[in-house]
Participant: 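Sharing a structure below in structure tokens format, with a few things to ask.
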Amino acid sequence: MKKQANEQIIFNEIIPDSEEGLENFSLQGTDNWLSAGIHPWYINEQLYNLQLKKLAGIAQDPAIKFIGECGLDRLKGAPLPLQEEIFIKQIRIAEDLKKPVIIHCVKCYNELLSIKKIVRPRVPMIVHGFNTKIEIARQLIDKGFYLSLGGALLHEESNALKVLKEIPLERLFLETDDKDISIIAIYQKAAEVRGLSMEELEKIIFDNYLGLVGNV
């Protein structure tokens, strides 16, 4: 993804799942805003302690604004109990560094809510690419989560569009994820649905970002 004029992008760095990848992984020379995490798809059952060590080290870099993507996926990745263990340990890293967490969650919302209840993190937690039932969105918002909505907003019957109509604006983020679509199209759709100008929506989203990480 290329950064356009007047855009600021959070680029995601996935902690590698091989010894060679871990040895060569570096943030040197970047001037981008970044997130970094161990994605549940890429947990190495033999190397996860090294993955966690690498994350804990690079996460101290000021370029790292968020921890993640990390989280839970019932359909893909390591066994769910191991996913839960690694997710909790990444939350602990985020807590130590006071950095928000970006969450990948697929069909594991009960587990996610349970982990939040048990761990009781103080850092903000954002569920990215949310496109699930409005009832789940309400539960997450009630428990303090932020929701990030993406390309699904462009589909008229999507759950994401139903959520957008109801979500408190101070809990909203917008994204493209890895989709080959313009963030402008997503902002335009969201602004139309919420009866806002693009400028008003951009300010709301950026203020939400500043509320999470402070001035940059």
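Just the heavy atoms: all of them, side chains too, but no hydrogens, waters or symmetry mates, feed the values below. Only a predicted model underlies this, so the values are computations on that prediction, with no experimental measurement involved.
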Participant: Same cluster or not: Y42 versus I67, using hydrophobic residues (I, L, V, M, F, W, Y) connected whenever any side-chain heavy atoms lie under 4.5 Å apart?
Facilitator: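 No, Y42 and I67 fall in different hydrophobic clusters.
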
Participant: Is the backbone N or O of R122 less than 3.5 Å from a side-chain atom of E95, with the two atoms forming a donor-acceptor pair by type?
Facilitator: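 Yes; at least one donor-acceptor contact below 3.5 Å.
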
Participant: Step through the shown structure and confirm whether more than 12 heavy atoms of other residues, nucleotides or ligands are within 6.0 Å of CD on E200.
Facilitator: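 It does: E200 CD has more than 12 such atoms within range.
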
Participant: Please walk me through it: do N208 and L169 pass side-chain contact (heavy atoms from CB on, under 4.5 Å)?
Facilitator: CA-CA 9 Å; N208 290 348; L169 290 172; 5.8 Å; no

Participant: Check for me whether K116 meets the cation-pi criterion with F145, that is, NZ or CZ under 6.0 Å from the six-membered ring centre and within 45 degrees of the ring axis.
Facilitator: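 Because its charged atom sits under 6.0 Å from the ring centre and within 45° of the axis, K116 does stack over F145.
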
Participant: Taking all non-hydrogen atoms of both residues into account, name the closest pair between S35 and I102 and its distance.
Facilitator: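 Heavy-atom minimum between the residues: CB-CD1, 4.0 Å.
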
Participant: Do the non-hydrogen side-chain atoms of L153 and V193 ever get within less than 4.5 Å of each other?
Facilitator: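 In short, these two side chains do not touch, never coming nearer than 4.5 Å.
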
Participant: Check the angle between the aromatic planes of H104 and H39 and answer parallel, tilted or perpendicular using the 30° and 60° thresholds.
Facilitator: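 Judged by the thresholds at 30° and 60°, the geometry between H104 and H39 is tilted.
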
Participant: Between S148 and G129, is there a donor-acceptor pair closer than 3.5 Å when you use the side chain of the first and the backbone of the second?
Facilitator: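 The answer is no, because no donor-acceptor pair under 3.5 Å joins these two groups.
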
Participant: Is there a continuous path of hydrophobic side-chain contacts, each under 4.5 Å between heavy atoms, that joins I86 to V106?
Facilitator: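 No: no chain of side-chain contacts under 4.5 Å links I86 to V106.
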
Participant: Hey, does the side chain of Q90 reach the backbone of C70 with a donor-acceptor pair shorter than 3.5 angstrom?
Facilitator: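 A pair under 3.5 Å: no.
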
Participant: Taking P81's backbone N and O only, do any of them form a donor-acceptor pair with E85's side chain (distance below 3.5 Å, no angle check)?
Facilitator: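 It does not hold such a pair.
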
Participant: Could you give the distance from CG (L161) to NZ (K189), rounded to the nearest 0.5 Å?
Facilitator: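 Reported value, rounded in 0.5 Å steps: 5.5 Å.
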
Participant: Between atom CD1 of I136 and atom CZ of R138, what is the distance when rounded to the nearest 0.5 Å?
Facilitator: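 Reported value, rounded in 0.5 Å steps: 11.5 Å.
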
Participant: Give a yes or no on whether N24 atom CG has more than 12 heavy-atom contacts from other residues, nucleotides or ligands under 6.0 Å away.
Facilitator: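 Yes, because the 6.0 Å sphere around CG of N24 holds more than 12 heavy atoms from other groups.
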
Participant: Out of curiosity, does W33 fall in the hydrophobic cluster containing V101 (side-chain heavy atoms, cut-off under 4.5 Å, transitive links)?
Facilitator: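 Same cluster.
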
Participant: Should I91 and M125 count as side-chain neighbours, where that means a heavy-atom distance under 4.5 Å?
Facilitator: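 Answer yes - side chains close enough.
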
Participant: Let's go through L172 and I204 carefully: what are the C-alpha distance in whole Å and the side-chain angles of both, what is the deciding distance for side-chain contact (heavy atoms from CB on, under 4.5 Å) to 0.1 Å, and is it a yes or a no?
Facilitator: CA-CA 9 Å; L172 174 66; I204 288 167; 6.0 Å; no

Participant: Among D17, N49, L22, I38, which one satisfies side chain to side chain contact (heavy atoms under 4.5 Å, CB included) with N44?
Facilitator: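 Of the listed options, the one satisfying the test is D17.
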
Participant: Hey, is the main chain of P62 close enough, under 3.5 Å, to the side chain of K65 for a donor-acceptor pair?
Facilitator: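 Between the backbone of P62 and the side chain of K65 there is a qualifying donor-acceptor contact (under 3.5 Å).
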
Participant: Over 60° means perpendicular and under 30° means parallel, so tell me whether Y146 and F173 are parallel, tilted or perpendicular.
Facilitator: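 Ring orientation of Y146 relative to F173: tilted.
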
Participant: So, for G71 and I103, which heavy atoms are closest and what is the spacing to 0.1 Å?
Facilitator: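 Answer, listing the atom of G71 first, then I103: CA-CG2, 4.5 Å.
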
Participant: Between N159 and T132, is there a side-chain donor-acceptor contact under 3.5 Å, judged purely by atom types and distance?
Facilitator: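 Looking only at side-chain atoms, N159 and T132 do not form any donor-acceptor pair under 3.5 Å.
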
Participant: Return the CD1 to CD1 distance between I134 and I167, rounded to the nearest 0.5 Å.
Facilitator: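 If we round to the nearest 0.5 Å, I134:CD1 and I167:CD1 are 8.5 Å apart.
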
Participant: I'd like to know if R74 and E111 make a salt bridge, using a cut-off of under 4.0 Å between side-chain N and carboxylate O.
Facilitator: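 Result for this pair is yes, salt bridge flagged.
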
Participant: Decide yes or no on side-chain contact (heavy atoms from CB on, under 4.5 Å) for I10 and L34, but give the supporting numbers first.
Facilitator: CA-CA 5 Å; I10 303 292; L34 304 173; 5.9 Å; no

Participant: Between V213 and F66, does a side-chain contact (heavy atoms from CB on, under 4.5 Å) hold up when you go through it step by step?
Facilitator: CA-CA 8 Å; V213 303; F66 297 84; 4.1 Å; yes

Participant: To the closest 0.5 Å, what do you measure between NZ (K203) and CE (M198)?
Facilitator: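 The NZ atom of K203 sits 16.0 Å away from the CE atom of M198.
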
Participant: With a 3.5 Å distance limit and no angle check, can you tell me whether N131 reaches the backbone of A152 through a side-chain donor-acceptor pair?
Facilitator: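 Checked: no pair found.
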
Participant: Taking everything shown except Y187 itself, do over 12 heavy atoms lie less than 6.0 Å from its OH?
Facilitator: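 More than 12 heavy atoms, drawn from other residues, nucleotides or ligands, come within 6.0 Å of this atom.
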
Participant: Between A190 and L174, which heavy-atom pair has the shortest distance, and what is it?
Facilitator: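 Smallest heavy-atom distance, with atoms named: CB-CD1, 3.9 Å.
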
Participant: If I take atom CG from residue D73 and atom CG from residue L80, how far apart are they, to the nearest 0.5 angstrom?
Facilitator: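 Result: 9.0 Å between the selected atoms.
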
Participant: Could you give the distance from CZ (F130) to CG (L149), rounded to the nearest 0.5 Å?
Facilitator: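 Going from the CZ atom of F130 to the CG atom of L149 covers 8.0 Å.
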
Participant: Can you confirm whether E170 is buried at CD, in the sense that more than 12 heavy atoms of other residues, nucleotides or ligands lie under 6.0 Å from that atom?
Facilitator: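 Yes, enclosed.
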
Participant: Flag yes if L52 and F25 sit in one hydrophobic cluster, no otherwise; membership is Ile, Leu, Val, Met, Phe, Trp, Tyr, and two members link when side-chain heavy atoms are under 4.5 Å apart.
Facilitator: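 L52 clusters together with F25.
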
Participant: Hydrophobic clustering (ILVMFWY, side-chain heavy atoms < 4.5 Å, transitive) - are I126 and I88 grouped together?
Facilitator: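 The answer is yes; both residues are in one hydrophobic cluster.
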
Participant: Restricting to non-hydrogen atoms, name the atom on A63 and the atom on N32 that form the minimum distance, rounded to 0.1 Å.
Facilitator: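 Answer, listing the atom of A63 first, then N32: CB-O, 3.8 Å.
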
Participant: Give me the atom names and distance for the closest heavy-atom approach of P40 to L72.
Facilitator: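 In terms of heavy atoms, the two residues are closest at CG-N, 4.1 Å.
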
Participant: Over all heavy atoms of both residues, which pair between A137 and L147 is shortest? Give the atoms and the distance, please.
Facilitator: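 That would be CB-CD1, 3.8 Å.
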
Participant: Return yes when atom CZ of R194 has more than 12 non-hydrogen atoms of other residues, nucleotides or ligands closer than 6.0 Å, and no otherwise.
Facilitator: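 Yes, enclosed.
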
Participant: Got E45 and P79 here, is their nearest side-chain heavy-atom distance under 4.5 Å?
Facilitator: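 Yes, their side chains come closer than 4.5 Å.
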
Participant: Inspect the contact between K162 and E157 and indicate whether a charged nitrogen and a carboxylate oxygen are less than 4.0 angstrom apart.
Facilitator: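 Salt bridge: no.
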
